[in-house]
Novice: 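One structure follows; several queries about it will come next.
We count ligands from 1, going down the list as the structure has it; atoms in each ligand are counted the same way.
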Amino acid sequence: MNEKEALERIMQLRRELDEHNYLYYVKNEPVISDYQYDRLMKELEELEEEFPQYADPDSPTRRVGDDRNQEFRQVKHNYPMLSLANTYSREEVTAFDRRVRKSLYGKVEYVCELKYDGTAIGLRYENGRLVLAVTRGDGEQGDDVTANVRTIRSIPLKLKGKGYPEKFEIRGEVYMPRDGFNRLNQERLEAGEQPFANPRNAAAGTLKLQNSSLVARRPLDCFLYYLLGENLPHDTHFENLEAAREWGFRIPPHIRLCSGTREIFSFIDEWEEKRHELPYDTDGVVVKINSLAQQRSLGFTAKTPRWAIAYKYRAEQAITRLVSVDYQVGRTGAVTPVANLEPVKLGGTTVKRASLHNADQIELLDIRLSDMVMVEKGGEIIPKITGVDPSQRAPDSKPLSFPTHCPECGTKLVRPEGEARHYCPNETGCPPQITGKIIHFISRRAMDIESLGEETVELLYRNKLISNVADLYKLRKEQLVPLERLGEKSAANILENIERSKNTPFERSLYALGIRYVGETVAKKLARHFGDIDRLAGASREELMGIDEIGERIAGSILDFFGQSANRELISRLKEAGVNFRLHEEEKQGKSNVLEGKTFVITGTFRNHSREEIKELIEQHGGKNTGSVSGNTDFLVAGENMGPAKKEKAEKLGVKMISEDEFMDMIGKK
Ligand code: IVH
C-alpha cells in the first residue's frame with residue numbers, strides 16, 4: 001500500500017469507526033458485531049502504526065487515555081456553572097409555575113427532563129471539535145479534565161451534520177451506570193480497597209483521576225442537557241436539544257414538552273417508580289422553561305436560574321428501632337459497624353440490617369442504642385442509616401462507643417492516619433482475618449478450590465486443622481472424613497481440588513495471597529514483571545514504583561507484606577508443598593534477556609508506541625523501569641516533549657539518552 005492509498009483507507013476507517021461508535025454508544029443501536037468492530041479497529045491501529053505521519057489525536061484509536069500524570073489546570077467558565085433550585089414539594093412546583101406566568105407574556109411551555117445523579121460537566125466545541133471539558137469547580141472556575149473526558153466514548157470528539165455554531169458549550173452529567181459501579185466496587189473490595197459509597201461519588205472520583213488511561217477503563221457515560229452560546233440554531237431549549245442530538249450528542253431520550261402543571265405532574269408521577277428500571281441513578285425531575293427569550297427575561301439569582309426548578313423524589317425511607325450494633329472484622333482486619341434493626345418494610349423488601357459505615361459517621365449522627373433511626377435505600381446494596389429521631393430517645397441513653405479492641409480477638413484496634421476505618425492489626429491470630437484470608441485464597445479467581453467453600457473453611461479452622469493457607473496442603477483424608485457433613489466423596493473431591501490448585505498460574509497464586517491493594521490487575525502486572533515470587537519479594541520500592549500503575553501505596557503494601565517473616569515463611573511452606581509461584585515458559589514467549597541488568601527511565605511521548613508499550617517491552621526483555629533518573633540509570637529513552645529536568649539530570653550524570661528507534665534496535669525490533 002502506498003502513502004496515498006493508506007491515507008484514504010485510514011480516513012475511511014476513521015469515518016466508519018466514528019459512525020459505529022455513535023451507533024453503539026449514543027444511539028444504542030449497533031449494526032455490526034463486536035468482532036467486526038474489533039477487526040476494523042485493528043486494521044486502523046496497524047495502519048496508523050505503519051504510517052505515523054497520519055496520526056490524529058481525534059482518531060477512534062485514541063480513546064484509551066494517556067498514562068502520564070496530569071495536573072488539572074483551572075479554567076474560568078464562560079458562563080457561570082449554576083445549580084438548580086430544589087424542592088421536594090409539589091406545591092412549590094405549582095408556585096414556581098404561578099410565579100413565572102405572572103412575570104412572562106404569552107404562552108408558557110415547559111420541558112421536563114430527568115435529573116441525573118452524577119457530576120456536572122461543561123464541554124466546549126469549536127468548529128465542531130471538542131476543545132475543552134471543565135468540571136463545575138466553584139461555579140466560577142473548574143478543572144480542565146479534557147484528557148479524561150475524551151475517553152468517554154459517547155462524547156463526540158468531532159460533530160456530525162451541519163448547523164452547529166462555530167463556538168458553543170454543552171453541559172451535562174457524567175455518571176456511572178449501576179452495574180458498572182457494582183463491578184468496580186467488587187474489584188476494589190477484592191483488592192482490599194475502600195469501595196465507593198455510590199455511583200455519583202464513583203463518577204466524580206473517576207473524573208478526577210490523574211491518569212486518563214485508568215479513566216478509560218472505568219465505565220463512565222454522559223447525558224447532555226443544556227446548550228450555551230451566542231448563535232444557537234433555535235429559540236427553544238427543546239429544539240436545540242433535538243439539533244444537538246443530530247450533531248451526535250447523547251441527549252436524554254426521556255424529555256417531554258409540557259404545557260402546564262398537570263402535564264408536569266403526570267411526568268413526575270410516571271417516573272417516580274419507572275426510574276428504578278433505568279440502568280443509572282436519577283433523583284428527580286428538572287422542569288425548564290422552553291423559550292430562550294423567556295429564559296432570558298427571567299434571568300438568574302446569584303445561584304440558580306429563575307427559569308428552572310428541580311423536583312426531587314424523596315429517597316425511600318423508613319423509621320425503625322436500632323436494636324444492636326455488630327462490629328464485623330473483614331479479611332484485611334477492617335472493622336465495619338453494622339446495625340441490627342427491628343425489621344421494617346422498605347422499597348418492597350424487609351430490612352433487618354443497615355450499614356453504619358465508620359466511627360465518624362456514628363459520631364456525626366449521634367446514634368444511640370434503642371434510638372428510632374431513619375433507614376434509606378440509595379444506590380448501595382445494603383441500606384444505610386441516615387439520621388436519628390432524638391425526640392423519641394430515652395433520657396438515659398448513652399452515645400455508642402466504638403470498640404477500642406477487636407471484638408474477635410481482643411487486640412487493640414488501630415486507625416491509620418487519613419483513614420476512616422479502624423483495623424485489627426492481629427493479622428495472623430484474629431479468627432475472621434484468618435478464615436477470611438483462606439476464603440479469599442480458595443476463591444474462584446484465585447486458587448479456585450471452590451469445593452471447599454466458606455463453611456468448610458470455618459469448620460476446618462474450628463477443628464484446628466487449618467490456621468493458614470499453607471495448612472490446606474497438609475490435609476489428609478482421614479482428618480476430613482469424620483467431620484460433620486463431609487463424607488468420603490466430598491473429602492476426596494476437596495483433596496483433589498487442592499492438589500490441582502498447585503498448578504495455578506503465578507498471577508493468580510499471587511493474587512490469592514491477599515496482599516492489600518494487590519487485586520487481579522496489579523497481580524498480573526507484578527507476575528509479568530518479576531516472573532517469580534523471589535524476585536518480587538526482593539524488589540526495592542524504587543523498582544516497584546517503576547512499574548506502570550504501581551504507586552507509593554501499593555509499593556508500600558507489598559514491601560510491608562514481604563517484610564513480615566510470617567509471610568515469608570508461609571510462602572516457603574506453600575512452595576515446598578508445590579504451589580506454583582513462577583510464570584510458565586509459554587507466558588514468557590516474545591521475551592529475551594537482552595536488557596538484563598539495565599535500568600531505564602522513559603520520558604516524553606513516542607511516535608510509534610505508547611509509554612505503556614515501551615515499559616512493557618523493557619520488562620519483557622529483562623530490563624527494569626524506574627521513575628526518575630539517578631546514578632543507577634543506564635538509559636533514558638527520550639520521546640518528544642521530554643521534561644527538561646530529566647534531560648538536564650541525565651546529562652549531568654552522564655546517562656545515555658536514546659531515541660525510540662534506537663531502543664527498538666536494542667531489542668531487535670525495527
Ligand atoms: S440543567 C442552570 N438538567 O443537577 C441549570 N441539570 O442540582 C443547568 N442535573 O447542576 C442545569 N440532571 O449537575 C439540568 N436534566 C438536567 C439535570 C441537571 C442533573 C444536575 C446538574 C445541576 C444539578 C443541580
Novice: For ligand 1, is any non-hydrogen atom under 4.0 Å from Met81's backbone (N, CA, C, O), its side chain (CB onward), both, or neither?
Specialist: neither
Novice: Considering only the protein, which heavy-atom contact is closest to atom 5 (C) of ligand 1, and what is its distance?
Specialist: Leu84 CD2, 3.6 Å
Novice: Which ligand 1 atoms, with their elements, are less than 4.0 angstrom from a heavy-atom of Leu114?
Specialist: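 Answer, ordered by atom number: 12 (N), 15 (N), 16 (C).
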Novice: Is Asp366 salt-bridged to Arg393, going by a charged N under 4.0 Å from an acidic O?
Specialist: yes
Novice: Closer than 4.0 Å to some heavy atom of Ala120 - which atoms of ligand 1 meet that?
Specialist: 13 (O)
Novice: Quick test: of every protein heavy atom, which one is nearest to atom 21 (C) of ligand 1, and how far off is it to 0.1 Å?
Specialist: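 It is Tyr225 OH, 3.0 Å.
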Novice: What atoms in ligand 1 come closer than 4.0 Å to a heavy atom of Lys115?
Specialist: 4 (O), 7 (O), 12 (N), 19 (C), 23 (C), 24 (C)
Novice: Within ligand 1, which atoms have a heavy atom of Tyr226 less than 4.0 Å away?
Specialist: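 Atoms satisfying the 4.0 Å criterion: 2 (C), 8 (C).
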Novice: My understanding is that only residues two or more places apart in sequence, or in another chain, count here; which of them pass side chain to side chain contact (heavy atoms under 4.5 Å, CB included) with Ser291?
Specialist: Ala293, Gln294
Novice: Testing the basics here: between Leu209 and Asn148, what is the closest heavy-atom pair and its distance to 0.1 Å?
Specialist: O-ND2, 3.0 Å
Novice: Could you tell me whether ligand 1 has any atom less than 4.0 Å away from a heavy atom of Thr282?
Specialist: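 Checking ligand 1 against Thr282, which is what was asked, there is no heavy-atom contact under 4.0 Å.
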Novice: Between Arg275 and Asp281, does any side-chain N to carboxylate O distance fall below 4.0 Å?
Specialist: no
Novice: Using side-chain hydrogen bond (donor to acceptor under 3.5 Å, both in side chains) as the criterion, list what pairs up with Arg245, not counting sequence neighbours.
Specialist: Glu242
Novice: Grab the two heavy atoms, one from Ile268 and one from Tyr313, that are nearest each other, plus how far apart they are.
Specialist: O-OH, 2.7 Å
Novice: At a 4.0 Å threshold, what atoms of ligand 1 neighbour a non-hydrogen atom of Pro305?
Specialist: 2 (C), 5 (C)
Novice: For Phe196, is the NZ or CZ atom of Arg188 found under 6.0 angstrom from the centre of its six-membered ring and inside 45 degrees of the ring axis?
Specialist: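 Cation-pi check for Arg188 and Phe196: passes.
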Novice: Specify side chain, backbone, both or neither for Thr304, according to which of its non-hydrogen atoms lie closer than 4.0 Å to ligand 1.
Specialist: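 No part of Thr304 comes within reach of ligand 1.
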Novice: Can you report which non-hydrogen protein atom sits closest to atom 15 (N) of ligand 1, along with the distance?
Specialist: Glu113 OE1, 2.8 Å
Novice: Assess whether a salt bridge exists between Asp58 and Lys158, defined as any Lys/Arg side-chain N lying under 4.0 Å from an Asp/Glu carboxylate O.
Specialist: no
Novice: For Leu82, counting its heavy atoms only, list the atoms of ligand 1 lying under 4.0 Å from any of them.
Specialist: 10 (O)
Novice: Nearest protein heavy-atom contact for atom 12 (N) of ligand 1: which residue, which atom, what distance?
Specialist: Tyr116 N, 3.0 Å
Novice: Taking the six-membered ring of Phe223 as reference, does the NZ or CZ atom of Arg250 fall below 6.0 Å from its centre and within a 45° cone about the axis?
Specialist: yes
Novice: Going by the side chain to side chain contact (heavy atoms under 4.5 Å, CB included) test, name the single residue among Asn198, Leu207, Leu184 that passes it with Met176.
Specialist: Leu184
Novice: Nearest non-hydrogen atom to atom 20 (C) of ligand 1 belongs to which of His237, Glu173, Lys303?
Specialist: Glu173
Novice: With respect to Lys288, determine whether any N or O atom, backbone or side chain, lies less than 3.5 Å from an N or O atom of ligand 1.
Specialist: yes
Novice: With a 4.0 Å heavy-atom cut-off (strictly under), which part of Val286 contacts ligand 1: side chain, backbone, both or neither?
Specialist: side chain
Novice: With a 4.0 Å cut-off on N to O distance, would you call Glu342 and Lys352 a salt bridge?
Specialist: no
Novice: Quick one: does Ala308 get a heavy atom under 4.0 Å from ligand 1?
Specialist: no
Novice: Check each of Gln295, Arg171, Arg136, His254 against atom 22 (C) of ligand 1 and report the one with the nearest heavy atom.
Specialist: Arg136
